[in-house]
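The analysis underlying the following values was restricted to heavy atoms, covering all of them including side chains, and did not include hydrogens, waters or symmetry mates. Counting from 1, the numbers follow the sequence of the chain as shown.
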Amino acid sequence: MIYAIVGAGGKTGLLKEMAAQFRQEGKFVFVTTTTHMFIEEDTLLTEDASVIIETLRKNGYVFAGVPEGPKIRALPASEYAAVCEMADVVLVEADGSKHLPLKYPNEKEPVIPDNTDRIIVVWGPHGLGQSVESACHRPELVMDCLGIREDTLMTREHVRKLLQEGYLIPLKSRYPNAEITVYPSL
């Protein structure tokens, strides 16, 4: 099962929770990114699928990517595919948000692998009541979508529209066979 985690405000935390849950179930779990993620303490820094698979077999879990400064970037497509074959569950962080709770994606986002079964769109409730300028990644796109100013305080209605227009409608069109959910629920 391949999950793509997109959106803002808690993707990495959700990935960690899901990985722990699937590990408790005895599943082989592979965590990676299609964009950029900060290097965690347990990150395996390599693009070599054989090294990643060996670690996955040994530990039942691997968080891996190609080092790029303080972050990791996506594995080459062939290496990613090889590791997916070995894993029971693949968790992919497939979007960036600069640690902000809300966002509207640009035309190149999110970066979802073609083999994805489920897409989880994350948003940060702590963005409610904050201004667009302080809570939103890509604020100009947020203001465009919502027809509001940068000092407007974000409401649930704003978030619903952002999620619907920025994620749910386009993702359902691009990935008609993937199950798409919002976390946390609105």
Side-chain angles (χ1 to χ4, degrees), residues 1-100 103 105-124 137 166-168 170-184:
M1 183 65 63
I2 298 170
Y3 294 82
I5 314 300
V6 302
K11 293 181 305 292
T12 303
L14 179 60
L15 280 171
K16 289 178 181 181
E17 286 176 32
M18 291 175 69
Q21 177 186 357
F22 287 125
R23 280 300 304 131
Q24 285 182 340
E25 295 172 10
K27 298 192 184 306
F28 286 91
V29 180
F30 168 42
V31 178
T32 193
T33 186
T34 55
T35 58
H36 292 90
M37 280 180 81
F38 280 103
I39 295 170
E40 300 279 331
E41 194 174 298
D42 62 347
T43 307
L44 179 59
L45 303 173
T46 184
E47 65 180 50
D48 185 337
S50 63
V51 172
I52 298 169
I53 290 169
E54 179 183 324
T55 303
L56 184 58
R57 280 190 182 127
K58 178 181 171 191
N59 300 334
Y61 165 84
V62 65
F63 173 27
V66 180
E68 192 171 273
K71 295 185 175 188
I72 58 169
R73 62 177 166 79
L75 297 169
S78 61
E79 304 298 298
Y80 167 79
V83 180
C84 286
E85 288 295 317
M86 170 57 192
D88 296 318
V89 176
V90 179
L91 303 171
V92 181
E93 187 168 297
D95 207 357
S97 62
K98 307 260 189 226
H99 296 284
L100 291 169
K103 85 174 270 190
N106 69 24
E107 67 281 348
K108 296 178 184 176
E109 299 169 320
V111 183
I112 297 174
D114 290 336
N115 62 344
T116 298
D117 300 300
R118 293 186 180 159
I119 301 169
I120 301 173
V121 183
V122 177
W123 69 282
H137 181 49
Y167 286 98
L168 300 177
L171 291 175
K172 286 176 185 174
S173 173
R174 285 175 46 203
Y175 303 93
N177 298 322
E179 178 184 320
I180 302 170
T181 58
V182 173
Y183 178 84

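In this structure, T34 contributes its side chain and I112 its backbone to no donor-acceptor pair below 3.5 Å. Side-chain atoms of E179 never come within 3.5 Å of backbone atoms of R118 as a donor-acceptor pair (strictly under, hydrogens ignored). With hydrogens and angles ignored, the 3.5 Å screen pairs a side-chain donor or acceptor of E109 with a backbone N or O of N106. At least one donor-acceptor pair under 3.5 Å links the side chain of W123 to the backbone N or O of P184. A distance-only check finds a donor-acceptor pair linking the side chain of K103 to the backbone of G96 [under 3.5 Å].
Between the side chains of D117 and Y175, no donor-acceptor pair is found at a separation under 3.5 Å. For the residue pair T12 / E93, a side-chain donor-acceptor distance below 3.5 Å is found, with atom types taken as modelled. The closest side-chain donor-acceptor pair between S50 and D48 falls under 3.5 angstrom.
For the pair I52/L44, a side-chain contact is recorded, criterion being any heavy-atom separation below 4.5 Å from C-beta on. At least one side-chain heavy atom of M18 sits less than 4.5 Å from a side-chain heavy atom of I120. Annotation: side chain of T32 is in contact with side chain of Y80 (closest heavy-atom distance under 4.5 Å). Between V92 and I5 there is no side-chain heavy-atom pair separated by less than 4.5 Å. In this structure the side chain of I39 never reaches within 4.5 angstrom of the side chain of P70, judged on heavy atoms. Between L14 and Y183 the shortest side-chain heavy-atom distance falls below 4.5 Å. With a 4.5 Å cut-off on side-chain heavy atoms, V121 and P110 do not count as touching. T43 places a side-chain heavy atom less than 4.5 Å from the side chain of I72.
A distance of 5.5 Å separates CG in D95 from NZ in K11, rounded to the nearest 0.5 Å. Between atom OG1 of residue T33 and atom CG of residue L15 there is a gap of 8.5 Å, rounded to the nearest 0.5 Å. For the atom pair CD (Q21) and CG (L91), the distance works out to 10.0 Å, reported to the nearest 0.5 Å. Taking CD of E47 as the reference point, atom OG of S78 lies at 8.5 Å (rounded to 0.5 Å).
Listed by first and then second residue, the side chain to side chain donor-acceptor pair (under 3.5 Å) pairs that reach into residues 51-61 are D42-Y61, sequence neighbours excluded.
The two atoms that bring G7 and S97 nearest to each other are O-CB, 3.9 Å, heavy atoms only. M86 and L56 make their closest contact through CG-CD2, 3.7 Å (heavy atoms, listed as atom of the first residue, atom of the second, distance). Among all heavy-atom pairs drawn from A64 and F30, the shortest one is CB-CE1, 4.3 Å. Scanning both residues, F63 and F38, for their nearest heavy atoms gives CZ-O, 4.3 Å. Closest approach of T46 and P67 over heavy atoms only: N-CD, 4.2 Å. Residues A178 and I119 come closest through the heavy atom pair CB-CD1, 4.1 Å.
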(Q) Could you go through V182 and L168, starting from their C-alpha distance and side-chain angles, then the distance that decides it, and tell me whether this counts as side-chain contact (heavy atoms from CB on, under 4.5 Å)? (A) CA-CA 9 Å; V182 173; L168 300 177; 3.9 Å; yes
Q: Would you please test V62 and V31 for side-chain contact (heavy atoms from CB on, under 4.5 Å) and show each step?
A: CA-CA 6 Å; V62 65; V31 178; over 6 Å; no
Q: Apply side-chain contact (heavy atoms from CB on, under 4.5 Å) to K71 and M37, showing your working.
A: CA-CA 5 Å; K71 295 185 175 188; M37 280 180 81; 5.9 Å; no
Q: Report the C-alpha separation of V6 and Y167 in whole Å, then their side-chain angles, then the decisive distance to 0.1 Å, and conclude whether the side-chain contact (heavy atoms from CB on, under 4.5 Å) test is met.
A: CA-CA 9 Å; V6 302; Y167 286 98; 3.9 Å; yes
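Taking a 6.0 Å sphere around CD of E25, one finds it holds more than 12 heavy atoms contributed by other residues, nucleotides or ligands.
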